[in-house]
Amino acid sequence: MLGRLNHVALAVPDLAAAVAAYRNTLGAEVTEPQALPEHGVTVVFVNVGNTKIELLEPLGESSPIAAFLAKNPSGGMHHLCYEVDDILAARDQLKAAGARVLGDGNPRTGAHGKPVLFLHPKDFFGTLIELEQS
Ligand code: CO
């Protein structure tokens, strides 16, 4: 079921500062900020060749990363995103195995315009997992 690591996501309190650090200090290629109001975040992607780093800043009043940043004020690793060939088949297989799918269980459109789902971190050793249709 599990395919490539699509990205590692870091929640950051100040996206402009994080972009400057990755672009200027680390010398990385960083995309332009993309607002995703339906996910409550603004994102950029850092291209590191074999995968990407997603930098997430809260957007709006009820951002799903606000509580994470309240606990981790300087930012931190928020989730891992793995690719799957068939997101609905993956979801059904995971649910049958007892894993909890967040939200209403239906895929939503993610930052790459592809369907994504999130799995409960308590079912995967404290790590929030995003699945993206490849
Ligand atoms: Co992500």
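As the structure lists them, so they are numbered: ligands from 1, and atoms in each ligand from 1.
Taking the side chain as every heavy atom from C-beta outward, K52 and V46 never approach each other to under 4.5 Å.
The Co ion (ligand 1) lies under 2.8 Å from an N, O or S atom belonging to H79.
For CG of N106, the number of neighbouring non-hydrogen atoms (other residues, nucleotides, ligands) closer than 6.0 Å is greater than 12.
The Co ion (ligand 1) sits nearest to atom OE1 when only the N, O or S atoms of E54 are considered. Among heteroatoms of the N, O or S kind in E130, OE1 lies nearest the Co ion (ligand 1). Of all N, O or S atoms in H7, the one lying closest to the Co ion (ligand 1) is NE2.
In this structure, D123 contributes its side chain and R100 its backbone to a donor-acceptor pair below 3.5 Å. Using modelled atom types, no side-chain atom of S134 and backbone atom of E83 make a donor-acceptor pair closer than 3.5 Å.
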